[in-house]
Amino acid sequence: MLFLDQVSRLSTHLCGIQLVNPVIAASGTYGYGVEFATVADLNAMGGLVVKGLSREPIAGNPPPRLWEAEGGMINSIGLQNIGVRAFVDQKLPALRNLRTAIFANVFGYAPSDYAEVIRVLEDAEGIAGYELNVSCPNTKHGGIYFSSDPALLGDLVSLVRPLARRPLIVKLSPNVARIEPLAAAAEQAGADAISLVNTFVSLAIDPHTRRSRIGAGFGGLSGPAIKPIALRLVYEAAKAVRIPVIGLGGIRTGEDAAEFLVAGASAVQVGTANFWDPGAPGRIALELDEYLRQENIDNVRELVGTLQI
Ligand SMILES: Cc1cc2nc3c(=O)[nH]c(=O)nc-3n(C[C@H](O)[C@H](O)[C@H](O)COP(=O)(O)O)c2cc1C
């Protein structure tokens, strides 16, 4: 239960979307939201990004798909999802009653895939904005990742932008030498915000079988282990653009969230922490409020980008 003074301290907005607090559940770690309704108060979080949606259903990668690493988790789910049309028909109706902002995470393997998913979502109500997961290989372009090439990324965002009446967030990958050119390419092509980071490509090995512990070979590392690198990337990206930045990577407490805001993020997302505490986004919002109260900060927006190096 949030009280009025907490609401005013935490309330913020993100590219025109009003949020009761800046803490959002991250894509792929909160299903389609509805599955968590019995174990968490979905209205306690500022927003919820649903599992990545593709034009057709995807069965995902062979098991094992998860490995608990030191201070984090490696996953290779393979973007399993029910497909955008089933999401609109079966999941979205129950999400419309929430005050929480619902973000649809969209992905594909060719620009036309992204465009088609957006077209289907445009006909539906109850979505606050889109988050493009660009950490996918462009199979029409030799398998180069959209997220690793500023020109490819710019072309993708330029194609999708005019199709979307809602704010467009571009979610960047951390698996690049320099984040600034990618952040700038997304902004120049019309993104309303960027979010980062997605997972770090990684490998876990069983020394006895000498095989990967992940069925598909590599997986993506997330959780507390990545937080210091994510903070650095969020800081660098926020310096490179004027649009809002959403920061994520290993957040598990209100103070972790505050660190990302100080680094330059206007809002944060919480992913892996949901696996051990499904109420994490709401709890983190309350902890952030307590931090603001103790620091005598009237509103969370005052924190954004206040890092001094
Ligand atoms: C099991 C799992 C599934 C994920 N699926 C998606 C996805 O479908 N789309 C996406 O953009 N990110 C996906 N992610 C990445 C997270 O949204 C987030 O960017 C990443 O885990 C870093 O945040 P964290 O350390 O708080 O988990 C997934 C992460 C995990 C752990």
Side-chain angles (χ1 to χ4, degrees), residues 23-33 35-36 45 47-54 57-61 63-84 87 91 103-109 114 117 129-136 145-147 168-175 193-202 204 214-216 218-231 233-234 237 245-253 256-257 259-260 265 267-278 280-281 283-284:
V23 185
I24 300 168
S27 182
T29 66
Y30 228 79
Y32 304 99
E35 302 83 356
F36 282 68
M45 57 188 85
L48 191 164
V49 190
V50 301
K51 177 73 192 156
L53 301 167
S54 49
I58 289 183
N61 283 340
R65 293 170 161 195
L66 289 180
W67 175 254
E68 189 172 341
E70 296 82 356
M73 185 171 91
I74 299 177
N75 91 81
S76 177
I77 306 298
L79 294 165
Q80 177 183 358
N81 78 101
I82 59 175
V84 64
F87 167 73
K91 307 289 182 179
F103 295 90
N105 182 284
V106 171
F107 73 94
Y109 296 99
Y114 286 86
V117 177
Y130 304 122
E131 182 179 64
L132 292 194
N133 175 6
V134 295
S135 300
C136 301
Y145 284 78
F146 293 103
S147 54
L168 191 66
I169 303 164
V170 175
K171 182 171 183 181
L172 299 178
S173 162
N175 302 304
I194 52 171
S195 56
L196 70 161
V197 295
N198 211 317
T199 56
F200 289 76
V201 178
S202 57
I214 293 288
F218 297 157
L221 180 65
S222 62
I226 70 171
K227 196 187 92 181
I229 323 177
L231 275 172
L233 288 161
V234 165
V245 174
I246 304 169
L248 73 158
I251 295 176
R252 55 185 165 158
T253 68
D256 290 340
E259 291 172 30
F260 276 85
V268 298
Q269 292 181 10
V270 175
T272 301
N274 298 318
F275 284 80
W276 70 82
D277 176 9
R283 171 182 57 74
I284 290 169

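Positions are given from 1, in the same order as the sequence printed here. Counting convention: from 1, in listed order, for ligands and their atoms alike. As the structure is a prediction and not an experimental result, all values here were calculated from the model.
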Do [X] and [Y] have side-chain atoms, one donor and one acceptor, less than 3.5 Å apart?
{"X": "Ser222", "Y": "Thr199", "result": "no"}
{"X": "Asn81", "Y": "Ser54", "result": "yes"}
{"X": "Ser195", "Y": "Glu131", "result": "yes"}

(message) So for atom CZ, which belongs to Arg252, do other residues, nucleotides or ligands contribute more than 12 heavy atoms lying within a distance under 6.0 Å?
(response) no
(request) Heavy-atom cut-off of under 4.0 Å around ligand 1: list whichever protein residues fall inside it, by chain and number. (result) Ala26, Ser27, Gly28, Thr29, Lys51, Gly52, Met73, Asn75, Ile77, Leu79, Asn105, Asn133, Lys171, Val197, Asn198, Thr199, Ser222, Gly223, Ile226, Leu248, Gly249, Gly250, Gly271, Thr272, Phe275
(message) Do Asn61 and Ser76 make a side-chain contact, defined as non-hydrogen atoms from C-beta onward lying under 4.5 Å apart?
(response) yes
(request) Please name the pair of heavy atoms, one in Ala280 and one in Asn274, separated by the smallest distance, quoted to 0.1 Å. (result) CB-OD1, 3.7 Å
